[in-house]
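Accompanying notes for the structure given below.
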Amino acid sequence: PCTATLTPGNYTATSGASSITVPVTAAGDCRWLAFSDSSWAVPVTPTTGGNASLVINLEANLTSAARTARISIGGSTVTITQEAQPCTFT
């Protein structure tokens with residue numbers, strides 16, 4: 001069977017807009033498709049084949065609470081936790 005694996009399994013990002021790169025390991029003829037469970041974490045190139053680097057764009061977190069997104073390829077999942085926006089006092 002065709003199996004794609006995301007490594008490592010967990011990432012932490014700052015509250016600002018950014019992107020992360022997740023290594024994907026798969027056989028050369030194995031096509032895979034990435035899915036996100038959150039609208040603020042978007043795979044840039046969600047489908048390809050074989051070993052690749054999956055880039056995920058993260059929108060800025062403008063709230064006072066951290067948030068979590070999961071990106072899945074087949075049965076493999078990576079979790080992204082984005083920090084809350086820092087408090088500012090005037």
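Only a predicted model underlies this, so the values are computations on that prediction, with no experimental measurement involved.
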**Request:** Is it possible for you to say whether Ile56 and Val42 belong to one hydrophobic cluster, with membership spreading through side-chain heavy-atom contacts below 4.5 Å?
**Result:** no
Mind listing the side-chain donor-acceptor pairs of residues 67-74 below 3.5 Å, one per line with the distance, residues two or more places apart or on another chain?
from, atom 1, to, atom 2, distance (Å)
Arg67, NE, Gln82, OE1, 2.8
Arg67, NH2, Glu59, O, 3.0
Arg67, NH2, Ala60, O, 3.1
Arg67, NH2, Gln82, OE1, 2.9
Ser72, OG, Thr77, OG1, 3.2

Identify all side-chain donor-acceptor contacts of residues 12-30 below 3.5 Å with residues at least two apart in sequence or on another chain.
none

**Asked** Where do Ala41 and Pro43 come nearest, in terms of heavy atoms and distance?
**Response** O-CD, 3.8 Å
**Request:** May I ask you to decide if Ala65's main-chain N or O and Thr63's side chain share a donor-acceptor pair within less than 3.5 Å?
**Result:** yes
**Complete:** When every non-hydrogen atom of Ile80 is compared with those of Trp40, the smallest separation belongs to O-CH2, 4.1 Å
**Request:** Test Trp32 against Leu54 for side chain to side chain contact (heavy atoms under 4.5 Å, CB included), laying out the working first.
**Result:** CA-CA 11 Å; Trp32 49 265; Leu54 175 63; 4.2 Å; yes
**Message:** Strictly by salt bridge (charged side-chain N to carboxylate O under 4.0 Å, His left out), give each pair with a member in residues 71-90 just once, sequence neighbours left out.
**Reply:** none
